[in-house]
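Any value given below was found using the heavy atoms of this structure, including those in side chains, with hydrogens, waters and symmetry copies removed.
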Amino acid sequence: MAVFVALGAFLMTLAGGWTAQRVTDRRHLVLGLAGGLMLGVVGLDLLPEALRAADTEIHGVPAALLLFVAGFLLAHLVERLLAARRAAHGAVEHAAVQNGADDPAAARHGAAGHGAAGQETAEHRHRSPEVGLTAAAAMVGHSLMDGVAIGASFQVGGGMGTAVALAVIAHDFADGFNTFTLTRLYGNARRKALAMLFADAVAPVAGAAASAFLTIPEDVLGGYLALFGGALLYLAAAEILPEAHHAHPARSTLLCTVAGVAFIWLVVGVTG
């Protein structure tokens with residue numbers, strides 16, 4: 001029964017990703033909505049659940065909040081390290097082009113290549129595709145845990161299982177939307193974004209099936225949600241929303257962000 005219900009999450013995740021790729025001609029609106037959805041998921045769903053599950057304190061501070069901050073800092077550190085490595089690689093390539101400038105043919109080839117690549121990569125030159133793939137992989141891990149939650153709740157009782165399943169299915173639209181958007185934002189090819197979207201859609205089904213063989217302690221699950229929430233907040237606040245307002249600081253972009261938060265609030269309120 002749990003696996004059958006998880007198929008609803010599979011379809012809803014694909015629907016979210018399909019929506020994200022169909023509206024790429026309004027990229028700033030997509031990013032604004034994605035930022036709002038991510039902010040809503042973190043503040044209204046992940047963090048409250050993490051605080052409830054991991055309720056121990058360390059030196060007067062809830063462990064969930066410490067892990068939340070750690071997740072934020074970890075995402076920042078990974079993004080900076082990958083960006084530094086990418087910048088160093090670019091500097092080496094630039095030096096190689098400079099050294100070959102005495103060769104007219106090489107100079108012409110370099111100029112032509114630079115012109116073609118400039119238009120293609122100007123938007124993502126400061127971004128590391130690995131960050132997008134890592135963020136998407138974290139979304140897949142979150143969806144896997146959602147599937148485990150569905151399976152575990154059905155072991156408790158049919159009513160509890162139905163309630164949890166409805167909550168998961170409702171916000172999996174946002175998960176699919178964000179998975180595709182995050183992967184593409186960092187310059188990854190469309191096929192990679194679709195692959196991550198499919199993995200995110202399959203994850204709840206796999207998690208529901210695996211729940212028959214394993215049980216995750218509640219405090220461990222709460223710690224994971226807190227760590228994941230901190231990383232997700234960093235991506236929303238430091239990457240997604242600034243990018244959304246960079247080229248199109250329009251009121252419509254802000255309204256999409258607010259709508260994303262409101263949607264998650266509605267889902268949390270309806271599903272309890």
Side-chain angles (χ1 to χ4, degrees), residues 8-9 12-20 23 26-54 62 64-65 67-69 71-72 75 132 135-136 138-146 149-150 163-185 196-197 200-201 203-204 221-222 224-245 250-272:
M12 190 63 77
T13 302
L14 291 181
W18 180 85
T19 301
V23 292
R26 294 289 184 269
R27 185 171 180 273
H28 60 292
L29 299 181
V30 172
L31 292 176
L33 179 61
L37 290 172
M38 292 168 70
L39 179 60
V41 166
V42 172
L44 306 179
D45 186 16
L46 294 181
L47 190 55
E49 180 64 23
L51 286 169
R52 185 194 66 80
L65 290 182
L67 287 169
F68 180 78
V69 174
F72 188 98
M139 296 294 294
V140 174
H142 173 56
S143 294
L144 184 67
M145 293 298 182
D146 281 346
I150 291 176
V164 172
L166 287 176
V168 170
I169 291 172
H171 84 253
D172 269 355
F173 178 88
D175 285 353
F177 191 98
N178 289 334
T179 297
F180 185 87
T181 303
L182 279 170
T183 310
R184 290 290 284 153
L185 175 65
M196 296 307 299
L197 173 63
D200 189 49
L221 181 60
Y224 165 78
L225 291 177
L227 192 70
F228 174 66
L232 205 60
L233 180 63
Y234 173 81
L235 293 174
E239 299 288 333
I240 301 290
L241 290 178
E243 181 71 15
H245 292 276
R251 184 179 302 173
S252 57
T253 306
L254 178 60
L255 290 177
C256 282
T257 302
V258 174
V261 175
F263 173 75
I264 298 299
W265 186 15
L266 176 65
V267 168
V268 171
V270 170
T271 59

Residues forming a side-chain contact (heavy atoms from CB on, under 4.5 Å) with [X], sequence neighbours excluded:
| X | value |
| --- | --- |
| L51 | L47, P62, A64, L65 |
| A201 | F10, T13, L14 |
| W265 | L44 |

ring-ring contact (aromatic ring centres under 6.0 Å, His included) filter on Y234, not counting sequence neighbours, yields F72, H76
Minimum heavy-atom distance between T181 and A34, given as atom pair plus value:
CG2-CB, 4.1 Å
What are the two closest heavy atoms between F180 and A20, and how far apart are they?
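That would be CD2-CB, 3.9 Å.
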Do [X] and [Y] come close enough that some side-chain heavy atom pair is under 4.5 Å?
| X | Y | result |
| --- | --- | --- |
| F68 | V42 | yes |
| M12 | D175 | no |
| L182 | M38 | yes |
| F263 | L33 | no |

First locate atom CG of N178, then atom CG of L197, and finally report the distance between them rounded to the nearest 0.5 Å.
11.0 Å
Does any N or O in the side chain of T257 come within less than 3.5 Å of the main-chain N or O of G36, such that one atom is a donor and the other an acceptor?
no
Sequence-distant partners of D200, side-chain hydrogen bond (donor to acceptor under 3.5 Å, both in side chains), two or more places apart
S143, T179
